[in-house]
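First comes the structure, then the notes that go with it.
All heavy atoms count here, side chains included; hydrogens, waters and symmetry mates do not.
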Amino acid sequence: MPATVPALVAADSARLRTRAARHARSLPLAVAGVTTWVVAGTGLLDVSWLWLVMLVPAAGFVATYVAAFALRLPTGVGVGSDGYGIALVLSALIAFLLPWILWTTGVPFVVGLGLVVLGLRASDRFLWVAGLVTMAVSFGLATVSSPMFPPLSTPALAGTVALGLALLAAALVALRGERQTLAAGDGALSIGDPATDNLRVLAVLGDADEADQPALGRLTGIEERNLAARLHDLTEASLVHARITKNRNWAQITREGREELRTRREALRGVAEHRKA
C-alpha cells in the first residue's frame with residue numbers, strides 16, 4: 001500500500017485526536033491531583049494508618065484505569081495501552097517492598113513516577129514533565145519536613161495540598177487543549193486516498209486499541225461509505241478484527257496491524273528525513 005509523507009501527517013493527526021477523545025492527558029493529571037489531595041487528607045491521621053497512605057498511589061492508578069474504561073462507551077474509543085498497569089504495579093511494589101522510598105521522598109513522589117511512566121509510554125512530554133515536577137516537589141517537601149508519614153507537619157500538608165491544586169490546574173489546561181484539538185479538525189478530513197485512509201484507521205486503533213465505527217469516522221474524517229470499505233480491506237488483511245457488541249460495530253487492531261503501523265511509520269519517517277537532507 002503506497003503512501004506519501006502527507007500520510008504520516010494524517011496519521012499523527014488522527015493519533016492526537018484519538019488521545020484527545022479519550023482524555024489520555026487530562027484524565028491522569030486530574031486523578032493525580034485528587035490522589036495528592038487524598039494523601040494530604042490521610043496525612044492528618046496518626047502513624048498507625050501509614051499502610052493506608054502508602055497504598056493511595058496504587059489506588060489512584062486503579063481509579064484512572066476505571067475512569068478511562070468508563071469513558072469507553074460514551075466516546076466509542078478504547079482505553080489504549082498507556083501503561084496504567086505498569087504504573088499500578090510499580091507503585092504497589094514500592095509500597096510493599098520498598099516503603100522507605102515513600103518515607104524519604106513522600107507519597108506524591110510515586111504519583112509523579114506513575115505520570116512519568118504514562119508520559120514516556122505515550123511520548124507525551126506534558127505528562128512526563130508534570131510527573132518530574134511532582135517528584136521534585138514531593139522530594140523537596142520530604143527534605144524540608146522529614147519524615148513524610150502521618151501525621152504530616154503543617155508545611156508538608158500545605159505543600160501537598162498546593163501540589164494537588166497544581167496538578168488539577170494542569171489537568172484543566174490539558175482538557176482545554178484536548179477540546180481545541182477535537183474542535184480544530186486540522187488534517188482530519190480524508191482526501192479519499194485508500195492507503196492514507198488505511199493508515200489513519202490504524203493510527204486511531206493503534207492508540208486506542210479499539211473504537212466503534214462512528215468514532216472512527218469522527219477521528220479519521222473518512223466518510224461512512226469509504227470507512228466501511230477501509231475496514232473491510234484491513235479485516236481481510238488481518239490487520240483489524242471486527243466485532244459487534246450491543247448493536248455497535250467495533251474494530252480492534254491486531255498484532256499484525258500494530259506491526260504494519262510501525263513499519264509504515266518508520267518508512268514514512270525515512271522518506272521525510274531523506275527530503276530534509
Side-chain angles (χ1 to χ4, degrees), residues 1-29 68 75-83 117-130 173-223 226-227 230-231 233-234 237 239-240 251-277:
M1 293 184 291
T4 58
V5 174
L8 179 60
V9 176
D12 289 341
S13 173
R15 177 180 179 272
L16 289 176
R17 290 171 62 80
T18 304
R19 286 187 57 77
R22 60 191 187 86
H23 303 294
R25 176 181 291 176
S26 62
L27 179 60
L29 287 170
T75 62
V77 183
V79 177
S81 303
D82 286 351
V117 169
L118 299 181
L120 292 178
R121 283 273 296 182
S123 300
D124 190 328
R125 181 180 299 177
F126 194 98
L127 266 184
W128 62 255
V129 168
V173 172
L175 180 61
R176 180 182 179 184
E178 290 166 348
R179 289 177 174 174
Q180 290 175 342
T181 297
L182 292 173
D186 294 337
L189 295 179
S190 167
I191 60 175
D193 175 53
T196 301
D197 286 349
N198 284 342
L199 187 58
R200 286 176 186 263
V201 173
L202 289 177
V204 170
L205 297 179
D207 181 76
D209 285 342
E210 62 179 357
D212 65 11
Q213 200 158 327
L216 278 173
R218 293 194 306 270
L219 297 173
T220 61
I222 304 174
E223 295 181 357
N226 293 333
L227 179 59
R230 302 284 68 78
L231 289 174
D233 291 345
L234 293 170
L239 303 179
V240 167
Q252 185 175 22
I253 194 168
T254 63
R255 181 179 300 177
E256 293 81 3
R258 290 192 182 278
E259 181 62 25
E260 175 72 8
L261 177 61
R262 184 188 64 80
T263 300
R264 294 189 63 189
R265 280 183 179 277
E266 289 180 355
L268 291 171
R269 288 194 180 100
V271 172
E273 291 297 327
H274 178 72
R275 288 186 178 182
K276 286 181 180 180

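- Put simply, the side chain of Arg19 reaches to within 4.5 Å of the side chain of Asp124, judged on heavy atoms.
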List the steps, then state whether salt bridge (charged side-chain N to carboxylate O under 4.0 Å, His left out) holds for Arg22 with Asp209. CA-CA 12 Å; Arg22 60 191 187 86; Asp209 285 342; over 6 Å; no
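- In this structure, Val77 and Ala208 approach most closely via the heavy-atom pair CG1-CB, 3.3 Å.
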Determine, step by step, whether Asn198 and Leu239 satisfy the side-chain contact (heavy atoms from CB on, under 4.5 Å) criterion, reporting the C-alpha distance in whole Å, the side-chain angles of both residues, the deciding distance to 0.1 Å, and the verdict. CA-CA 10 Å; Asn198 284 342; Leu239 303 179; over 6 Å; no
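- Listed by chain and number, the residues in a side chain to side chain contact (heavy atoms under 4.5 Å, CB included) with Ala174 are Arg25, Ser26, Leu29, Phe126 (sequence neighbours excluded).
- Side-chain contact between Ser13 and Arg200: absent, with no pair of heavy atoms (C-beta onward) separated by less than 4.5 Å.
- Using a cut-off of 4.0 Å between Lys/Arg side-chain N and Asp/Glu carboxylate O, Arg15 and Asp12 are scored as not salt-bridged.
- The pair Glu259-Arg262 meets the salt-bridge criterion, with a side-chain N (NZ, NE, NH1 or NH2) lying under 4.0 Å from an Asp/Glu carboxylate O.
- Here the side chains of Leu202 and Val240 are in contact, with some heavy-atom distance below 4.5 Å.
- In this structure, Leu219 and Arg17 have side chains that are in contact, with non-hydrogen atoms separated by less than 4.5 Å.
- Counting only heavy atoms from C-beta outward, the side chains of Leu234 and Leu205 never approach each other to under 4.5 Å.
- Inter-residue side-chain proximity for Arg230 and Asp233 is flagged as met; some heavy-atom pair is nearer than 4.5 Å.
- Scored by the side chain to side chain donor-acceptor pair (under 3.5 Å) test, Arg179 finds no partners at all (sequence neighbours excluded).
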